[in-house]
Structure formats: structure tokens, C-alpha cells
Peer 1: 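I'd like to ask you about the structure that follows.
Residue numbers begin at 1 in each chain, while the letters A, B, ... track the order of the sequences. These numbers come from a predicted model, not from an experiment.
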Amino acid sequence: MSTKPSRYTVTAALPYANGPVHIGHLAGCFIPSDIYARYLRKKGEDVLFVCGTDEHGAAINMKAQAEGTSPREIVDRYHGIIKDSFDKIGVSFDIFSRTSNKTHHETAQAFFKELYDKGSLEEKVTEQYFDPEAQQFIADRYIIGECPNCHYEEAYGDQCENCGRSLSPTDLINPKSKLSGSTPVLKETKHWFLPLDHLSGKIKSYIESHKDWKPNVYGQCMSWLDAGDGLQARSMTRDLDWGVPVPLPDAEGKVLYVWFDAPIGYISATKELLGDKWEDYWCKEDTKLVHFIGKDNIVFHCIIFPAMLMEHGGFHLADDVPANEFLNLEGKKISTSRNWAVWLHEYLEDFQGQEDVLRYVLTATAPESKDNDFTWKDFQTRNNSELVAILGNFINRVLVLVQKYYEGKLPEYGVLPSSDLEILGALKTAPADIAQSLEKYRFREALGKLMALARLGNKYLADEEPWKKVKTDPERTAQILFVASQISAQLAQLMEPFMPFTAEKLRNALGLKSLPWAECAKEIFLASGSEIQTAGHLFQKIEDVVIEAQIQKLEDSKTDTSPKYEALKEEIQFEDFSKLDLRVGEIIKAEKVKKADKLLHLEVDLGFEKRSIVSGIAEHFKPEELAGTKVTVVANLAPRKLRGVLSAGMILMAEDSNGKLSFTSPPADMPNGSIVR
RNA sequence: GGCGAGGUAGCUCAGUUGGUUAGAGCGUCGGAUUCAUAACCCGGAGGUCACGGGUUCAACUCCCGUCCUCGCUACCA
């Protein structure tokens, strides 16, 4: 967009309501979007900042079933936790809605209906499996059966995990529903697909018109568009009872696909807040639309959602999608399932009154251009040597001195020398300078520029030494503290988007109102005679014990993840078991399979013969360490080729809850070829 | 394996369209200081810009190749 936008629509990715929010979400999406929105508001722009919980989809349904409760119960729980924690950390959404509410259902249905009415959707009737016991259609991956290709007994309906073959549920021999364990029956069902291939040209030129997007975003989009198969038609509906009902006759038990309804959630949240005025923020070309997301969401926000909007017509497409990379934690990937995370609601409990510290640290260390690491040690250092020592200390020095020398009343300053005018000049240019970074979504750079002001203040005091001059030159001392107070005032204004709580505290001490950004471009904020109070310490030092406790907490949570035990499979008869021929084998030779990351080509001695077996264990074992290892082999499995290499049999492996594999090895003196039973 | 993004001081990162001694913050060492939460301020040390070629008068910056990290994807238990 070349001309100045008339209004802004800022969205933050909808958090999925099956768990709380952690620091990775914050650093990647919510803190930057909040800084941006607060900055725009302070600039006096017309800005709408929307978000909400994404509450549909099979995963929430499954979680509810696993906990023996309802999806409603799950989403209510997490919507509450998430909304509350966003409030407390100061993420200033204009509305934080949810996709399960009425407005959203209506909006999503109307959107779908529009596509349907104009003939954009392809209707396909297919036979799908239906679970008679659970009385519902079953998603492909919740159907298990025997693979027609390799006869693996537990192939999923969409793919056999054993031979890797893509499957359709109807290919399975002896299918079972994972929901109830019963045998599903085929039933005709109708679904609606959105073809995308005819849009690929439009989408490509849309992306290409945004070469200014971040390289990681632009690169991923082009990579996706250039991929071989082109854009496939996507089914926009599912057979499920939790979600937005498909607004057509004959669509009993069908809901919109969660990926279809979720982004529309941005729009319905807007409607909920603004009523008819919503169109200004979504349809007008002079609106600037910015989606803040994590890198896992790039393709969806840059390609699929715009495609939906294009096909519908009448919508303005995203002007920028400043996706961040991932934040690691103490050198390891954040993982919800392994409980390796710092949860926002827990941080807020443990660090009450230190909301801005987390905002500051996550901004300073945000993964803007590549993955970054959050460590508690770094958190402590940034708090102690940046917030406390540089920023808090400067403010404290000024306020204490003004209190001490002038009873809190700002003195007259007479005619300032040019060195002071230079300092004040820096205050005048700071807003534009910081704005330049913010407009480019360079939040850590912007924050650095803010801190440079505090550094300037500290240097000014050190150079001028008012505590000495007060004895010899009261007039000059008055000037110095007058100038230093102006720096404090500018800090109070400009820190607002980054650290809103501290900004308010400081403004109150200085008796200032929040000023529009443009009005911050000046030298003097506080007139002589202004009453100034001390603010106490803006930031508290964080001691080692506090940090050690957090690290310990992380370690503990890691070990106490109760391992997830898979449900037992259905009972089998002895003859089922006796079909298996298990033998003791010994690995003689192992080498990596070319062009495959996970596969090892093994030569296994079964006593009576040597076998070639391909096994997916390359990420767990080095080939040269394997010779001589005793293993248990499924010896009568039908042979097949993997990556062009013959695999005649299968090695049995045990897997722990972290996905680590180990051999089920017989003792070394057990002869090769021995029967296992 | 394919595609994408990265690999710059001990750590976290900047380096704009190729142009003289490659920058910042933190950490570290030394100095100065005491108004301030032993904080601030000044100074020093520290980099063959992943590696190897090439283009150019000139490359961290462009081209080719190799290695490593992350993501998507393929291959699996």
C-alpha cells in the first residue's frame, strides 16, 4: 500500500482452546501485535486489534472424549484461562472473542453460503465410514485397519504408517473405529470442496506484489506455490458434531472444517464488536490489514485464507504477515506434550507485578529473523542489568534528586547551554526514529532505541554530576535536573507500547497524561514548577534463587509428565497371535539408505538365512554401532521395497513417551533363528 | 532427498542497492565515581564475517560447490 491507510486491522493468531498460552506464543505473535496496536493507537490511528480462541475441530472433540467430558467444557476452561492471562499481561485486544459463539457461527455460515450460492464449491458424494455405536462419521485418521499393501494391522485411514502408502479408509481390510472399537459401516456422505487451482495465478501475483514481506514469509509462500502438484481442492466440511453446522439442507451432522472457520473468526469478532461497521475494516482498500502469526501459520494466512477471500469477493487482502520464527526454551524446542514450556498463567502467578519484565525480555529476544532461545538466566540478566540498572536506575536517580534538592517541584531553568539543547534535541527526534523501526516490525530494534534514551540519561548525569554542582552552582544544577526530568518524561511516553504498566506508573509519578505519538516529538514535557513524585523502584532485582527455582520447576515438570499409555487394542485369539513368526536375529551390517533421513538398510542373520531389512531407526542409531546387535524380527512379514531397497521383515522396537526407540534384544547367547513366542 | 530460512565477537543480534580500520547490547578485564537497587560513566581485549572456489579495481554483501542448524515435505518404528 503506497498511500497512507485510513485505518488498520491488526489480527493475532487465534490460540487453539485445548491448552493455555506459553511464552513461545507470546514472543511469536501476541507481544509484537500488541506493541504494534498500542503504537498505532498512540499515533491516533483508527485501529482494530482482534483475536479470540479457536474452539472447533476434531482435536478438541478427541480431548473431550479422552477426559470424559464435553467439548464445551474444554473450550470454556481454556478460553477463560487464556483470556484472563492476556488481560493480565496487558495484551490490549479490542475484542477477544471465541469461535463457538453465535455471531461467528452466523458469519462463517454466511461466508460458506455465499461460496455455495455462486457455485464456487464442488459437491462430492462419497462413501465414508460411519461408526454405528458412536453414531457419527469418523475422520480418516481415526479409522484403523489392515493395510492392503503391506498387511500391517494398524494402518490409519489416510496412510499406512508401516509402508507409507497413502490410503483411503475404504482400502483398509477389517477397519475399526478408534472411537468405539466397533466395525464402521459405509454410508454415503456429501462434502463441499473449494478448488484452488484456478486461483493459483491470482495468488501468485498477489504474493509477488509483496516482495517487501519478511524473507522467511515470502520464501515459504513461493516455495509452496512452486511445488509440483499445484493447489489442490480442499474439503471445507467435515462429518462431526462439534463445530459450525453446514448451512444447507441435507447437511445433518456436518460442520465447517476448522481451518475454514477459524480465520473467519477474525471477521466475526469484528462484527461482534462493531456491528455493521465491520466492513470498513475488512473490505475497504484503504484499510491496512496485518496478520501476526507464528511461522507454522504462514501458508494458511498468505495463501489459503486469501484464496477464500478472493473466491468470496469483496474483501481486502492482507497487506503484511510479519510471521516470527520459533522461540526455544533452554536450548530445547518448546513442547506442550512434553510439558517443556513456560506457561503464561503460571508466570503471572510466580512474578506478580512483573508483567512488563516478560514483555520486555520477550521483545528483546523475539525470534524475528531466526529461531531464538529463551533462558531463565538471560531473563534474569536482562532484568537486572538492563531494566533495573539502566532504565529503572536512571528514573530513580532523577526522581530522587529532584525530591532531595527541590522538594519535588521542578526548578526554573533560565537559558540552557547548547549541550543541553543537544540532549533535548534527541528527545525530539526519538519518536520518529523508533516509529521507523516499529513500522517495519523491527520490535527489538525499536526497544533498543528506547533503551538508548535511558543510557543517554545516565551518561548525562554522569557527565554533569549535579550532586557535586549542587554545592557550587545551584543554577546549573537546576538546569541539569530540569533536562534529566524531560528525558524521564519522554521515556514514560515512548515506553508505553512496550511496557504499558511501567509507563503508567511513571506517568503518574510525573503527573503526565499519555500523549499522542506525534506530540512526543518535542523537547519539553514538564514545565518548571511541575510537581514530581518519586515512583519507588520501577523494577525489582531478580535473585539467583528465583531463577534456580524456575529452572528446577522446568526440570521437574519434564520428569513428571505421566507417560501417555496408548489404549489397549482389542482382544485377539491365539490363532491371531500364532500367525506371527518372530525370530531372534543378529545385525551383521548396517548402512544408511540414500535419500532418506530415517532409514537404515540392515543385513540380519536369522541363522538359516541372511535377510535384507529396512528399518526407520537412522535417527536413533549409528550404523557402525549396530553390527552384532541381537534383535527380534518379524520373519514372515510380506517383503516390500522401501526407497528402492528390499525389506524382508521387520525389527521390533520399543518406544518411550518421548519417541525414543530401543531394540527388544534377546540375550547375546541366544542362537540366531530361535523362535520367539 | 526436495524446497524454504539461517550460519557475523564468549552470548543475543544489526549490517541498507558490493566501496576505506565489520557494528550494538550483554558478559569479561581495567579505570573513574558515589546522586542511584555495588547500580551508573569511561576505556581495553575479543571476529581468517561456516568452509572452498569464482566474478570484480574492490565481497560479510553477487555466482557455484560443500558442511551445520531450523521449518515444510518425503521415507519409518
Peer 1: State whether A/Ser223 places a side-chain N or O below 4.0 Å from either non-bridging phosphate oxygen (OP1 or OP2) of B/A5.
Peer 2: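 The answer is no; no side-chain N or O of A/Ser223 sits under 4.0 Å from OP1 or OP2.
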Peer 1: Nearest whole angstrom, please: distance from the P of B/C40 to the CG of A/Leu401.
Peer 2: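 So the two atoms are 16 Å apart, to the nearest Å.
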Peer 1: Take the angle between the ring planes of A/Phe351 and A/Phe379 and call it parallel below 30°, perpendicular above 60°, tilted in between.
Peer 2: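 Rings of A/Phe351 and A/Phe379: perpendicular, as their planes differ by over 60°.
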Peer 1: Below the 4.0 Å mark, does B/A5 have OP1 or OP2 next to a side-chain nitrogen or oxygen of A/Lys295?
Peer 2: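 Checking B/A5 against A/Lys295, no side-chain N or O comes under 4.0 Å of OP1 or OP2.
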Peer 1: How many Å lie between NZ on A/Lys404 and C1' on B/C35, as a whole number?
Peer 2: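 The answer, rounded to whole Å, is 6 Å.
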Peer 1: Provide, to the nearest angstrom, the distance between the NE2 atom belonging to A/His301 and the P atom belonging to B/C72.
Peer 2: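 Value for this atom pair: 17 Å.
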Peer 1: Which part of the nucleic acid, if any, lies within reach of A/Asp371 when heavy atoms closer than 4.0 Å are counted: base, sugar-phosphate only, or nothing?
Peer 2: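 Touches sugar-phosphate only.
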Peer 1: For a quick check of understanding: with a heavy-atom distance under 4.0 Å over all strands, which category does A/Pro466 fall into, base, sugar-phosphate or nothing?
Peer 2: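 The answer is nothing, as A/Pro466 stays clear of every strand by at least 4.0 Å.
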Peer 1: Taking the C1' atom of each, how far is B/A14 from B/G52, in whole Å?
Peer 2: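 To the nearest whole Å, 27 Å.
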Peer 1: Just to be sure I understand the rule, does A/Phe539 reach a base, reach only the sugar-phosphate, or reach nothing, if contact means heavy atoms closer than 4.0 Å?
Peer 2: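 Since a base atom lies under 4.0 Å of A/Phe539, the category is base.
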Peer 1: Can you see if the side chain of A/Arg455 gets near the phosphate of B/C26 - specifically, an N or O under 4.0 Å from OP1 or OP2?
Peer 2: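 Indeed, a polar side-chain atom of A/Arg455 lies that close.
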Peer 1: Under 4.0 Å, heavy atoms only, any strand: does A/Lys370 hit a base, just the sugar-phosphate, or nothing?
Peer 2: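 The residue A/Lys370 makes sugar-phosphate contact but no base contact.
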Peer 1: Taking the nucleotide of RNA chain B with the closest heavy atom to each, which residue, A/Tyr218 or A/Ala389, is nearer the 5' end?
Peer 2: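 The 5'-side residue here is A/Tyr218.
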Peer 1: For B/C35, does either OP1 or OP2 sit under 4.0 Å from a side-chain N or O belonging to A/Asn396?
Peer 2: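 So the side-chain polar atoms of A/Asn396 never come under 4.0 Å of the phosphate oxygens OP1 or OP2 of B/C35.
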Peer 1: Without hydrogens or angle criteria, can the side chains of A/Gln380 and A/Asp544 be said to hold a donor-acceptor pair below 3.5 Å?
Peer 2: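 A pair is found: one side chain offers a donor N or O, the other an acceptor, under 3.5 Å apart.
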Peer 1: Would you say A/Lys541 places a side-chain N or O within less than 4.0 Å of OP1 or OP2 belonging to B/A39?
Peer 2: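 Yes, such a contact exists.
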Peer 1: Hey, which sits more toward the 5' end of RNA chain B by its nearest nucleotide, A/Leu652 or A/Ser385?
Peer 2: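 This one resolves to A/Ser385.
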Peer 1: Within 45 degrees of the axis of the six-membered ring of A/Phe326 and under 6.0 Å from its centre: does A/Lys295 put its NZ or CZ there?
Peer 2: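 Output yes; distance and angle both within limits.
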Peer 1: Going by the angle between their ring planes, with limits at 30° and 60°, are A/His22 and A/His25 parallel, tilted or perpendicular?
Peer 2: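 Answer is parallel, since the angle falls under 30°.
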Peer 1: Classify A/Leu538 by what it touches in the nucleic acid, base, sugar-phosphate, or nothing, heavy-atom distance under 4.0 Å.
Peer 2: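 Base, at least one base heavy atom under 4.0 Å.
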Peer 1: Hey, what's the ring geometry for A/His210 with A/Trp213, parallel, tilted or perpendicular (30° and 60° as the breaks)?
Peer 2: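 Parallel, since the angle between the ring planes stays under 30°.
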Peer 1: Please give, in whole Å, the distance from B/U12 P to A/Leu327 CG?
Peer 2: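 Interatomic distance, CG of A/Leu327 to P of B/U12: 13 Å.
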Peer 1: Does A/Ser369 place a side-chain N or O at less than 4.0 Å from the phosphate oxygens OP1/OP2 of B/A14?
Peer 2: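 So the side chain of A/Ser369 is within the cut-off, an N or O lying under 4.0 Å from OP1 or OP2 of B/A14.
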Peer 1: For A/Glu368, answer base if it contacts any base atom (sugar-phosphate contacts may also be present), sugar-phosphate if it contacts only those atoms, and nothing otherwise; contact means non-hydrogen atoms under 4.0 Å.
Peer 2: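 Nothing, no nucleic acid heavy atom in range.
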Peer 1: From B/C26, B/C76, B/C40, pick the nucleotide closest to the side chain of A/Leu599?
Peer 2: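 Closest nucleotide to the A/Leu599 side chain: B/C76.
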Peer 1: Using 0.5 Å steps for rounding, measure from the CE atom of A/Met222 to the CD atom of A/Gln220.
Peer 2: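 One finds 13.0 Å between CE of A/Met222 and CD of A/Gln220.
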Peer 1: Which is true for A/Asp373 with a 4.0 Å heavy-atom rule: it touches a base, it touches only sugar-phosphate, or it touches nothing?
Peer 2: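 Nothing, no nucleic acid heavy atom in range.
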Peer 1: Scan nucleotides 28-33 of chain B nucleotide by nucleotide, 5' to 3', and note B when protein non-hydrogen atoms come under 4.0 Å of the base, S if they reach only the sugar-phosphate, - if neither.
Peer 2: ------
Peer 1: For residues 358-370 of chain A, please give each side-chain donor-acceptor pair under 3.5 Å, one per line with the distance, not counting sequence neighbours.
Peer 2:
unit_1: A/Arg359; atom_1: NE; unit_2: A/Phe498; atom_2: O; d: 2.9
unit_1: A/Arg359; atom_1: NH1; unit_2: A/Asp34; atom_2: OD2; d: 2.9
unit_1: A/Arg359; atom_1: NH1; unit_2: A/Ile89; atom_2: O; d: 3.0
unit_1: A/Arg359; atom_1: NH1; unit_2: A/Gly90; atom_2: O; d: 3.1
unit_1: A/Arg359; atom_1: NH2; unit_2: A/Asp34; atom_2: OD2; d: 2.6
unit_1: A/Arg359; atom_1: NH2; unit_2: A/Pro497; atom_2: O; d: 3.1
unit_1: A/Tyr360; atom_1: OH; unit_2: A/Glu386; atom_2: OE1; d: 2.5
unit_1: A/Thr363; atom_1: OG1; unit_2: A/Arg359; atom_2: O; d: 2.6
unit_1: A/Thr365; atom_1: OG1; unit_2: A/Asn372; atom_2: ND2; d: 3.3
unit_1: A/Glu368; atom_1: OE2; unit_2: A/Phe443; atom_2: N; d: 2.9
unit_1: A/Glu368; atom_1: OE2; unit_2: A/Arg444; atom_2: N; d: 3.1

Peer 1: Would you please classify the geometry between the A/Tyr441 ring and the A/Phe292 ring as parallel, tilted or perpendicular, with 30° and 60° separating the classes?
Peer 2: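 If you compare the ring of A/Phe292 with that of A/Tyr441, the planes turn out perpendicular.
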